[in-house]
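These notes concern the structure reproduced below.
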Amino acid sequence: MPAHTTHDASRDGTDGARDGSATAPDTGAPAETTAPARTKASSEAVAPVKAVAPAEAVAPLLRGIAVLRRLTEAPGGTLSLSALEKTTGLARSTVDRLTATLARMGYVRLDGRDVTLAPRLMELGNAYLAALRLPALLSTRADELADELDESVSLAVGDRDGIRFIHQATRRRAMSLSFRIGDLLPAERTAPGPLFAAEWTDPDWHRWRSRRAADPADQTFPAVPPSEHVTPDEDFTLRTARAAADDYALDDQLIEPGLVALSVPVRDPGTGRVACVASVVSHTSRHTAADLRTALLPRLRAAVAAMEGDLRTAPPPEPGPPRAGLATWTGASKQELGREFVESLARGLTVLTAFGEGRSALTLTQVAQATGLARATARRALITLGHEGLLAPAPDHTFTLTPRVLSLGFPPLSRTSLPEIAQPHLTALADRVHESTSLAVLSESGEEIQYTARASTTRVLSARVTVGARLPARATALGHVLLALPEARTQGYALVDEELEAGLRSLAVPVRDRTGRVVTAVNVAMHAARRTAAACRTDILPELSRTATHIEADLSVAGRFVHVPLT
């Protein structure tokens with residue numbers, strides 16, 4: 001695709017930078033500068049200053065990333081357009097265009113004046129996790145250890161002078177962890193931190209001390225409570241030296257009172273360096289820190305040894321056919337939406353999806369080929385993403401994604417349930433067909449369905465059920481689909497006429513997860529007088545099937561590395 005060169009001379013300058021530059025350096029490394037310190041609103045606490053963007057950086061891409069980060073920090077991943085304008089410092093017209101573009105990509109949802117993160121945004125974090133391979137190779141071991149110990153187990157990687165979670169196996173208790181995949185924690189307040197710090201260079205330590213001086217209370221780490229009692233730097237250096245000697249580390253209520261953790265490094269069999277850290281996390285009503293070490297360290301070490309064995313024997317990744325044309329769709333969107341679509345933002349974010357399993361390190365040429373972008377356009381996107389710390393230069397003139405890609409919406413979205421994924425699609429369906437629609441799962445007994453989400457219509461006479469209600473499975477279209485009754489299995493849908501109640505007609509289709517397993521079903525229910533059975537098939541079924549496809553697409557993205565609760 002030719003480079004996009006349209007110049008917008010408006011006040012916000014959202015698409016004002018040209019995509020080509022003959023002098024752009026072939027590097028993605030972020031710059032270190034002496035710009036003003038970050039504000040409390042920022043979640044990127046691994047550097048005390050905001051680096052000045054290089055001249056070749058794509059301004060709309062920088063602004064779009066800022067919008068996604070502000071949404072990630074917000075409760076529920078939602079902010080109003082005016083709040084985004086205030087927290088980013090961008091003009092309202094710029095915010096409107098950026099969010100319209102992100103909505104077109106499926107990365108956010110626009111609901112009146114509110115903007116909410118959408119599950120499809122997780123494809124960016126999925127690209128990093130797939131390229132990393134560690135969750136795919138080690139998560140089963142972590143889950144098994146959590147079951148064995150009846151304690152929460154996590155896997156974390158180093159993110160400059162912090163740690164970021166890449167897997168969580170959390171036990172469901174009244175007192176349970178609230179950490180999410182992608183959450184960033186300050187290294188000095190964790191058990192994994194000293195194990196990563198044992199490999200830090202002098203510049204790493206300098207960066208850490210600078211960040212500590214600028215933010216002693218950890219106000220810029222929203223995943224942890226502010227530090228009430230700031231410890232001297234020497235405490236962490238001593239913990240690091242002890243961790244290097246012992247090859248394990250403890251967190252004795254450093255994050256908050258009552259929370260304790262024990263960590264052991266998982267080492268790369270090829271380099272011997274720390275690939276990730278496995279941790280067992282508990283609270284003091286179950287284990288003291290010393291007891292955690294005495295009782296559980298041998299079992300954690302055994303699990304880590306098995307993980308290292310898995311890394312040693314894992315076959316090389318299979319990249320599949322070369323990817324091509326990932327960003328070619330943006331041209332059509334620009335033609336359709338005109339100025340409201342910021343093509344350089346869409347192209348830049350699409351570059352991140354060029355990476356994945358078997359594609360962990362890509363050259364500039366490979367990125368251009370995968371995306372369909374001109375080399376000059378791809379180069380400027382790489383420079384911009386490198387400046388934002390989302391990728392880094394690697395050997396042989398390649399680039400790799402960094403853990404900071406997970407900062408783009410992954411933490412709040414990693415806790416999304418299937419009803420939350422489905423709700424906006426149900427609402428849109430109800431608006432289109434002017435009938436009530438619902439989502440349901442099969443009960444454990446298999447005899448009942450349980451409603452988990454619904455969207456109602458404004459009709460005087462409509463099907464009314466409440467979320468949580470249960471009905472006999474064999475008397476409902478939802479139940480026919482979930483029970484895979486022969487007719488429903490053959491047709492791909494179920495139509496039930498007045499079996500549950502006189503006058504009630506219902507049409508349902510299955511919703512499958514990324515493995516093809518039917519996990520839930522969606523229906524449209526109405527009074528039989530409004531549509532004949534034939535009209536239901538011709539008018540309602542296509543819309544219902546389309547809704548199920550949209551839910552399945554979001555579920556596939558959200559469930560790639562995260563367990564999505566069905567209720």
Side-chain angles (χ1 to χ4, degrees), residues 26-30 43-44 46-47 51 57-58 61-62 64-65 68-69 72 105 107 120-139 155-160 162-167 181-184 196 268 271 273-276 316-317 319-320 322-323 326-327 345-371 373 378-411 413-414 557 560-562:
D26 199 359
T27 177
S43 68
E44 292 307 311
V46 292
V58 182
L61 180 54
L62 293 174
I65 290 170
L68 290 175
R69 284 180 169 154
T72 301
M105 300 181 75
Y107 288 175
R120 188 175 173 184
L121 178 61
M122 294 177 73
E123 71 180 9
L124 303 183
N126 286 346
Y128 164 72
L129 295 173
L132 184 67
R133 295 192 76 202
L134 294 178
L137 294 174
L138 306 181
S139 60
L155 299 176
V157 294
D159 189 348
R160 298 181 76 177
I163 71 139
R164 205 177 286 272
F165 294 112
I166 60 170
H167 182 73
I181 296 176
D183 273 338
L184 178 70
F196 289 115
D268 185 301
T271 65
R273 293 178 61 84
V274 178
C276 66
R323 308 193 78 176
L326 290 173
L345 167 59
R347 286 171 165 179
L349 292 177
T350 302
V351 164
L352 297 174
T353 66
F355 295 82
E357 185 173 4
R359 301 183 302 277
S360 60
L362 299 177
T363 64
L364 169 60
T365 298
Q366 289 171 326
V367 169
Q369 291 173 343
T371 57
L373 299 176
R379 174 186 288 177
R380 294 194 64 214
L382 291 170
I383 291 170
T384 309
L385 296 170
H387 167 75
E388 287 295 307
L390 300 172
L391 55 76
D396 301 323
H397 303 288
T398 62
F399 298 85
T400 61
L401 299 183
T402 73
R404 201 172 299 188
V405 174
L406 295 173
S407 73
L408 303 181
F410 211 91
L413 291 171
S414 69
V557 173
R560 185 171 182 187
F561 292 103
V562 172

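What's counted below: heavy atoms across the whole structure, side chains too, no hydrogens, waters or symmetry copies.
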Distance check, rounded to the nearest 0.5 Å: D396 atom CG versus L362 atom CG? 12.5 Å

dist T371:OG1 -> Q369:CD (nearest 0.5 Å) comes out at 9.5 Å

A side-chain contact here means heavy atoms from C-beta on lying under 4.5 Å apart; do F355 and V367 qualify? yes

Only counting residues at least two apart or in another chain, list the ones meeting side-chain contact (heavy atoms from CB on, under 4.5 Å) with T402. A392, R404

So OG1 of T72 and CG of D183: to nearest 0.5 Å the spacing works out to 10.5 Å

Strictly distance-based, threshold 3.5 Å: is any side-chain N or O of T384 a donor or acceptor partner for the main-chain N or O of A57? no

Take R347 and V58 through the side-chain contact (heavy atoms from CB on, under 4.5 Å) test and state the conclusion after the steps. CA-CA 10 Å; R347 286 171 165 179; V58 182; over 6 Å; no

Could you measure the distance from the CG atom of L349 to the CG atom of L326? Nearest 0.5 Å is fine. 13.0 Å

Note, L352 side chain near L408 side chain (heavy atom, < 4.5 Å): yes

Pairwise distance CG(L401) to CG(L132) - rounded to 0.5 angstrom: 10.0 Å

Less than 4.5 Å apart, any side-chain heavy atom of L61 and any of E388? no

Minimum heavy-atom separation for L406 to R164, with atom names? CB-CD, 3.9 Å

Donor-acceptor contacts, no H, no angles, side chain residues 122-130, under 3.5 Å, sequence neighbours left out:
unit_1 : atom_1 : unit_2 : atom_2 : d
E123   : OE2    : Y107   : OH     : 2.4
N126   : ND2    : M122   : O      : 3.4
N126   : ND2    : V557   : O      : 2.9

Looking only at heavy atoms, what is the nearest atom pair of Q366 and A361, with distance? OE1-O, 3.9 Å

Side-chain heavy atoms of L373 within contact of T350, under 4.5 Å: no

Minimum-distance pair of heavy atoms, taken over all atoms of P403 and G158: CG-O, 3.6 Å

Heavy-atom distance under 4.5 Å between the side chains of F196 and I163, does that happen here? yes

Pairwise side-chain contact, I166 with L134, heavy-atom cut-off 4.5 Å (strictly under): yes

Look at the side chain of R359 and the backbone N and O of A354, then say whether any donor-acceptor pair between them is shorter than 3.5 Å. yes

Taking the side chain as every heavy atom from C-beta outward, state whether S360 and R133 have any pair of such atoms under 4.5 Å apart. no

Identify the two heavy atoms, one from V157 and one from C276, that lie closest to each other, and give their separation to 0.1 Å. CG1-CB, 4.1 Å

With a 3.5 Å distance limit and no angle check, can you tell me whether R323 reaches the backbone of T353 through a side-chain donor-acceptor pair? yes

First locate atom CG of L345, then atom CE of M105, and finally report the distance between them rounded to the nearest 0.5 Å. 6.5 Å

Could you report the tightest heavy-atom contact between G348 and L385, atom names first, then the distance? O-CD1, 3.7 Å

